[in-house]
> 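Just dropping this structure here.
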Amino acid sequence: MNIFTRILPKASQQTSHAFHFHILPPPKPRFPLPRQSHTSTVPELPSPPQDAAIAKLVLESDPESLSEVLSNPTLQWTPHLVDQVLKRLWNHGPKALQFFKHLDCNPFYTHSASSFDHAIDIAARLRDYRTAWTLLHRMRSLRCGPTPRTFAIIAERYVSAGKAHRAVKVFLSMHEHGCRQDLNSFNTILDVLCKSRRVEMAYSLFKMLRSRFKCDSVTYNVIANGWCLIKRTPMAMRVLKEMVERGIEPTLVTYNILLKGYFRTGQFQEAWNFFLEMKKRECEIDVVTYTTMVHGFGVGGEVKKSKRVFDMMVTEGVVPSVATYNALIQVLCKKDNVQNAALVFAEMVRKGCVPNLTTYNVLIRGLCHSGDMERALELMARMEKDDCRPNVQTYNVVIRYFCDAGDIEKGLNMFEKMGDGSCLPNLDTYNILIGAMFVRKKSDDLVVAGKLLLEMIDRGFLPRKFTFNRVLNGLALTGNQDFAKEIMRMQSSCGRVPRHLKL
DNA sequence: ATAACCTTAC
């Protein structure tokens with residue numbers, strides 16, 4: 001609870017209505033035109049498997065033989081191909097950077113700006129800022145950047161590493177690196193700060209620089225959304241009021257942000273009233289509005305209302321998108337039962353709406369949760385043929401539930417499957433599995449835990465202190481002192497930046 | 001990669 005919500009909440013019941021009148025457009029006594037929302041029903045083109053083969057090659061070859069492998073003249077490097085390979089190696093940062101570096105030395109190939117951005121992102125995620133900046137300077141000397149996007153990436157990495165001030169500094173100095181500051185980059189840095197919940201800082205920066213940039217509705221929406229994210233809806237209201245006072249029209253995006261904000265703070269009545277008000281004033285309510293409603297009511301436990309809103313949108317001629325179906329499916333999984341969720345899944349397919357990764361992951365989680373691992377695995381197999389291959393999250397869900405059910409072997413088998421190619425494990429995967437190695441209290445399991453720990457470090461993931469201690473204790477108790485010592489040596493040598501990361 | 005809706009974690 002903060003000061004503002006303490007001061008304003010009682011009043012907000014009444015005053016926010018006054019605000020609605022302020023922020024919403026004046027009533028238009030005309031009858032509504034049915035709005036058609038676009039759904040993304042066009043499947044992505046399958047990417048050629050060449051990048052998978054190259055990623056595998058990179059993973060298997062040691063640093064010495066790598067340059068030989070990569071200078072094979074039959075390989076036709078294109079920026080797109082390089083990007084794809086980097087994405088595949090996302091969860092093996094050190095290898096990804098090795099790959100990038102070797103190709104950078106290839107005299108017949110020059111990296112594109114987007115590949116540089118990927119590499120910088122990977123380096124900064126490993127907290128290897130030196131490498132990130134070296135790459136940025138190299139980009140400049142090759143005259144392919146840095147672009148505003150490059151700075152957005154660096155800022156985001158700084159913020160998520162708890163260095164928000166550095167992110168702001170980077171923004172303020174970007175012109176010194178040959179990249180113009182404009183309203184777009186200003187909006188971007190504000191958004192980066194807000195999305196990482198550093199809303200206070202974003203708001204200060206906004207107040208400090210708003211006279212320098214001609215702020216637009218995006219600026220205000222970004223800030224309002226930030227306040228809503230941290231459940232300070234009254235502050236969002238205040239920003240929006242100011243927006244109106246400065247003559248900037250709120251848009252549908254503004255309304256959707258505020259609507260979501262009400263759900264975040266559990267103000268269902270407010271949300272409902274606001275929605276009705278939007279209808280009354282004939283805002284062009286869109287699929288996002290409805291999806292927000294379906295999701296908001298559903299996760300709040302109001303399944304009936306959630307379904308009613310879903311039916312309402314269909315009646316009003318707004319076509320549900322994948323996101324709408326995903327919201328409903330998630331709600332049914334969590335607050336109703338999986339069978340009904342599966343029915344909605346079938347329904348969306350019948351209507352020609354193509355399920356995406358989220359759809360599958362939500363439903364697979366629901367099935368796992370109800371103990372139906374078999375159907376979960378069936379669905380996972382079905383993904384493959386829908387050209388929607390399981391990602392790390394999919395694997396993590398299944399592995400977690402296998403382990404929770406005591407089927408450690410099956411969890412480990414699943415993990416093995418990831419190792420052989422398409423989907424590299426991430427930090428969560430390692431944490432889930434290492435945790436599972438303690439349930440059987442077997443010495444062998446702890447050795448596996450130790451190996452997993454070393455492997456994750458090797459791939460650029462830094463285990464928490466807690467994880468180290470747990471594994472070390474386990475190994476010591478089961479008579480694996482030597483292995484424990486080896487891990488301790490590793491622990492002391494891997495500070496913030498794994499040392500083998502020299503570019 | 002300029003904003004709003006859909007997964008995630010003990």
> For this output row, return yes or no: ring centroids of A:F297 and A:F263 closer than 6.0 angstrom.
yes
> For the rings on A:F206 and A:F213, is their centre-to-centre separation under 6.0 Å?
no
> For a quick check of understanding: with a heavy-atom distance under 4.0 Å over all strands, which category does A:N184 fall into, base, sugar-phosphate or nothing?
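Result for A:N184 = base.
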> Of all the nucleotides listed (B:dA3, B:dT2, B:dA4), which has the minimum atom distance to the side chain of A:D286?
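Comparing B:dA3, B:dT2, B:dA4 against the side chain of A:D286, the answer is B:dA4.
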> Reckon A:N225 touches a base, only the sugar-phosphate, or nothing at all at heavy-atom distances under 4.0 Å?
sugar-phosphate
> Please determine, for the side chain of A:V253, which listed nucleotide (B:dC5, B:dC6, B:dA3) has the closest atom?
B:dA3
> For the ring pair A:Y325 and A:F310, is the centre-to-centre distance below 6.0 Å?
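Centroid distance A:Y325-A:F310: below 6.0 Å, so yes.
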> Would you mind telling me which of B:dA4, B:dC6, B:dT2 lies closest to the side-chain atoms of A:V218?
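Looking only at heavy atoms from C-beta outward on A:V218, the closest nucleotide is B:dT2.
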> Using whole Å, what does the distance between atom P of nucleotide B:dC5 and atom CG of A:L259 come to?
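A:L259 atom CG is separated from B:dC5 atom P by 11 Å.
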> Between P on B:dA3 and NZ on A:K195, what's the gap in Å once rounded to a whole number?
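To the nearest whole Å, that distance equals 6 Å.
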> Quick one: is B:dC6 close enough that its OP1 or OP2 comes under 4.0 Å of any side-chain N or O from A:K334?
no
> Please pick, from B:dC6, B:dA9, B:dA3, the nucleotide with the shortest atom-to-atom distance to any side-chain atom of A:R400.
B:dA9
> Let me know the distance between CG of A:L363 and P of B:dT8, rounded to the nearest Å.
13 Å
> Calculate the interatomic distance between A:F275 atom CZ and B:dC5 atom P; express it in whole Å.
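These atoms are roughly 17 Å apart.
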> Taking atom types as modelled, is there a side-chain donor on A:R157 or A:Y129 under 3.5 Å from an acceptor on the other?
no
> Tell me what A:V362 touches on the nucleic acid: a base, only sugar-phosphate, or nothing, going by heavy atoms under 4.0 Å.
sugar-phosphate
> Could you tell me how far apart A:N326 (CG) and B:dA4 (C1') are, to the nearest whole angstrom?
16 Å
> Between B:dC6, B:dA1, B:dA4, spot the one nearest the side chain of A:Q330, thanks.
B:dC6
> Separation of A:F297 atom CZ from B:dC6 atom C1', in whole Å?
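For the pair A:F297 CZ and B:dC6 C1', the rounded distance is 18 Å.
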> Taking any heavy-atom pair under 4.0 Å as a contact, classify A:T358: base, sugar-phosphate, or nothing.
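Counting heavy atoms under 4.0 Å across all strands, the contact made by A:T358 includes a base.
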> Would you tell me if any nitrogen or oxygen in the side chain of A:R365 comes within less than 4.0 Å of OP1 or OP2 on B:dT8?
yes
> Rounded off to whole Å, could you give me the CD1-to-P distance for the A:I329 and B:dC6 pair?
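Rounded to whole Å, this separation is 14 Å.
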> Just N and O in the side chain of A:H295: are any of them under 4.0 Å from OP1 or OP2 of B:dT7?
yes
> Among the candidates B:dA1, B:dC5, B:dA3, find the nucleotide nearest to the side-chain atoms of A:T292.
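So the side chain of A:T292 is nearest to B:dC5.
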> Between A:D191 and A:T188, is any side-chain donor less than 3.5 angstrom from a side-chain acceptor?
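Side-chain D/A pair, A:D191 to A:T188: absent.
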> To the nearest Å, how far apart are A:F466 CZ and B:dA9 C1'?
14 Å
> Pick base, sugar-phosphate or nothing for A:R264, based on heavy-atom distances below 4.0 Å to the nucleic acid.
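A:R264: backbone/sugar contact only, no base atoms under 4.0 Å.
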> Any salt bridge between A:E378 and A:R375, counting N to O under 4.0 Å?
no
> Heavy atoms only, 4.0 Å cut-off, all strands: where does A:Q393 land among base, sugar-phosphate and nothing?
base
